[in-house]
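Below: one structure, written as structure tokens.
All figures in this text were calculated on a predicted structure; none of them were measured in a lab. Residue numbers start at 1 and run along the sequence shown. Below, all heavy atoms of this structure are taken into account, side chains as well, without hydrogens, waters or symmetry copies.
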Amino acid sequence: MDRMLEAKENFDLSLQEEVLNVTSTQTNITLYEGSTTTLHCRVIFSEAFTTDAYWLFNGKIVTKPKGLHHEVNGASLSLKLKHVTRAQSGMYTCGANSTIGLQTHDIAVSVHRTQGPALYFTKKTEPYVGIVNGTNVTLHCLGIYPAALFDDAFWLFNGSQIKSNKHFEVNNGFVENKEENIKKRLLSLTIYNAELEDSGNYSCVLNTSHGLRRKNIKVNVTFFRVKPCPDEELIFKYDVFVTYSRRDSDWVNSELLSLLSKNHVKYCIDKLHFKLGHPILNSITDSVYQSRYVLAVWSRSYAASKFCKQELDYALQKSFHCSDYSVILIGLESINPKTLPKPLRARTFLNYSDSVDREGWEKRLIKHLKGSANNKFAHVLGTVV
């Protein structure tokens with residue numbers, strides 16, 4: 001009987017031994033960007049002692065301490081790393097703390113670089129796309145990137161995000177891929193019934209937890225197949241092509257043309273230089289491409305004229321295509337710049353109706369017309385809107 005009691009006491013004492021141990025089969029783990037893994041450890045401790053467990057990353061706490069319930073084979077602790085980035089390379093520590101002490105186990109994680117994030121043009125798309133008014137065009141980009149905590153794909157037009165509507169169709173679907181940790185998305189944008197105002201800078205954008213990538217595409221919509229850009233060394237036939245409304249002809253004849261003639265500026269206007277019997281569109285394009293500058297006399301009458309709009313559209317598309325500063329506006333009436341068509345808001349604008357702006361306008365205009373249309377500072381003339 002005494003021996004039985006002694007054995008029981010020894011067993012009870014063994015249960016109260018101070019035991020705290022942290023173990024894991026993981027010590028070094030190598031991953032690739034975008035992959036997912038789970039870290040595991042096991043905590044063995046005496047039932048009589050309260051024990052908290054936690055995870056550290058490079059010495060900093062990443063999970064709140066968790067009170068463990070005693071289990072014969074030890075309590076398990078896990079930490080999931082989802083769609084890892086290279087920033088998650090480092091030392092992960094499984095720790096357990098109780099009144100009898102502290103035990104830890106370190107697991108080294110190394111995340112290697114993998115393909116992406118990257119954006120590529122497909123064979124159908126190039127950095128510059130030229131199309132004719134009224135036609136459709138689809139732009140494509142292919143995004144390749146490691147699986148990510150978040151990913152987003154979208155299109156921009158002149159810096160503003162494009163939403164699908166009757167004019168634009170946006171599709172950014174996933175492409176089937178056998179590699180589990182690599183994702184592929186085909187970004188496409190279709191422009192239906194393209195107009196001149198659709199000319200501009202388009203961007204396909206891929207944004208993931210691994211980084212942001214962007215590809216730019218310049219789209220030029222024309223009413224005809226554009227001609228080659230004039231060489232700056234070329235001697236132009238005219239210094240300036242003047243486009244104006246017939247209702248403003250008195251001012252044009254008395255003020256503008258006399259000023260140009262007096263200063264030996266060779267100008268082109270429809271009533272003098274468009275050949276009889278020659279197709280009107282050909283006359284407009286010839287005048288635009290044979291002139292160093294195009295000067296639009298802007299007024300309410302001009303804005304209401306379809307013929308004037310046509311002349312200005314050709315001038316703008318040539319300027320956009322050739323990346324020059326060849327279009328100039330003179331406003332005869334007080335006009336709020338915000339009411340101008342968007343393609344005109346970044347152009348040189350001389351407000352003749354403003355007494356301050358009008359003072360000395362002749363000298364500034366002549367100096368400007370005799371300068372280079374390719375000079376990036378050439379647009380500094382009057383009020384730039």
Side-chain angles (χ1 to χ4, degrees), residues 128 130-134 194-200 218-246 248-249 252 256-257 260-261 265-299 301-331 340-350 365-366 368-376 378-379 381:
Y128 175 84
I131 57 174
V132 176
N133 179 62
E195 302 172 352
L196 180 66
E197 289 191 354
D198 294 321
S199 296
K218 187 175 183 179
V219 173
N220 186 29
V221 183
T222 64
F223 287 103
F224 55 90
R225 294 295 176 186
V226 294
K227 299 181 179 182
C229 294
D231 192 327
E232 178 62 17
E233 300 301 321
L234 176 72
I235 299 176
F236 287 91
K237 186 174 182 180
Y238 306 105
D239 293 314
V240 61
F241 169 50
V242 180
T243 168
Y244 64 99
S245 166
R246 289 286 183 272
D248 301 319
S249 58
V252 170
L256 182 59
L257 298 185
L260 299 179
S261 298
V265 175
K266 291 188 291 184
Y267 60 82
C268 171
I269 59 172
D270 53 3
K271 68 178 183 179
L272 296 180
H273 300 96
F274 283 15
K275 297 178 182 178
L276 291 176
H278 195 59
I280 186 66
L281 295 184
N282 290 355
S283 295
I284 294 174
T285 55
D286 289 346
S287 299
V288 168
Y289 275 84
Q290 292 175 2
S291 303
R292 180 176 283 104
Y293 287 97
V294 174
L295 178 60
V297 181
W298 187 266
S299 65
S301 298
Y302 188 96
S305 169
K306 292 183 179 180
F307 183 78
C308 293
K309 181 180 184 301
Q310 196 173 40
E311 291 183 324
L312 186 59
D313 283 343
Y314 283 111
L316 287 171
Q317 74 177 27
K318 178 259 181 182
S319 178
F320 178 84
H321 173 62
C322 299
S323 300
D324 61 26
Y325 299 88
S326 58
V327 178
I328 308 169
L329 273 73
I330 292 183
L340 290 171
K342 288 183 179 179
L344 298 177
R345 295 180 190 176
R347 303 290 168 174
T348 302
F349 187 85
L350 180 66
L365 178 61
I366 296 303
H368 191 84
L369 292 177
K370 291 188 175 182
S372 169
N374 287 336
N375 183 349
K376 67 179 180 179
H379 65 284
L381 171 66

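Annotation: side chain of Glu311 is not in contact with side chain of Val288 (no heavy-atom distance under 4.5 Å). With contacts defined as side-chain heavy-atom distances shorter than 4.5 Å, the pair Leu260/Val242 qualifies. Considering only heavy atoms from C-beta on, Phe274 comes within 4.5 Å of Ile284 through its side chain. Within the 4.5 Å cutoff, side-chain heavy atoms of Ser199 are placed close to those of Val221. Ser291 is not listed as a side-chain neighbour of Tyr267, based on a closest heavy-atom distance of 4.5 Å or more. Looking at heavy atoms from C-beta onward, Asp198 lies out of side-chain contact with Ile131 at the 4.5 angstrom threshold. The closest side-chain heavy-atom distance from Lys318 to Ser326 is below 4.5 Å. The shortest distance between side-chain heavy atoms of Leu312 and Trp298 falls below 4.5 Å.
The CG atom of Leu329 sits 10.5 Å away from the OG atom of Ser299 when rounded to the nearest 0.5 Å. A distance of 11.0 Å separates OH in Tyr293 from OH in Tyr325, rounded to the nearest 0.5 Å. Of the inter-residue distances, the one linking Glu197 atom CD with Leu316 atom CG reads 10.0 Å to the nearest 0.5 angstrom. From Asp313, atom CG reaches atom NZ of Lys306 across 13.0 Å, with rounding to the nearest 0.5 Å. Of the inter-residue distances, the one linking Tyr128 atom OH with Lys218 atom NZ reads 7.0 Å to the nearest 0.5 angstrom.
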Give the C-alpha distance, both sets of side-chain angles, the deciding distance and a yes or no for side-chain contact (heavy atoms from CB on, under 4.5 Å) between Ile269 and His273. CA-CA 6 Å; Ile269 59 172; His273 300 96; 4.3 Å; yes

Stepwise, does the side-chain contact (heavy atoms from CB on, under 4.5 Å) test hold for Leu365 with Ile330? CA-CA 10 Å; Leu365 178 61; Ile330 292 183; 4.0 Å; yes

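Side-chain atoms of Tyr244 and Ser301 include no donor-acceptor pair closer than 3.5 Å.
Nearest heavy atom pair, residue Phe241 against residue Cys268, reads CD1-O, 3.2 Å.
Distance alone, capped at 3.5 Å, places no donor-acceptor pair between the Ser305 side chain and the Tyr302 backbone. Within the 3.5 Å criterion, the main-chain N or O of Ala315 finds no donor-acceptor partner in the side chain of Ser319.
Under 4.0 Å is where a charged nitrogen must lie from a carboxylate oxygen, and between Asp239 and Arg292 at least one such pair does. Between Arg246 and Asp270 there is a salt bridge, since a side-chain N of the basic residue sits under 4.0 Å from a carboxylate O of the acidic one.
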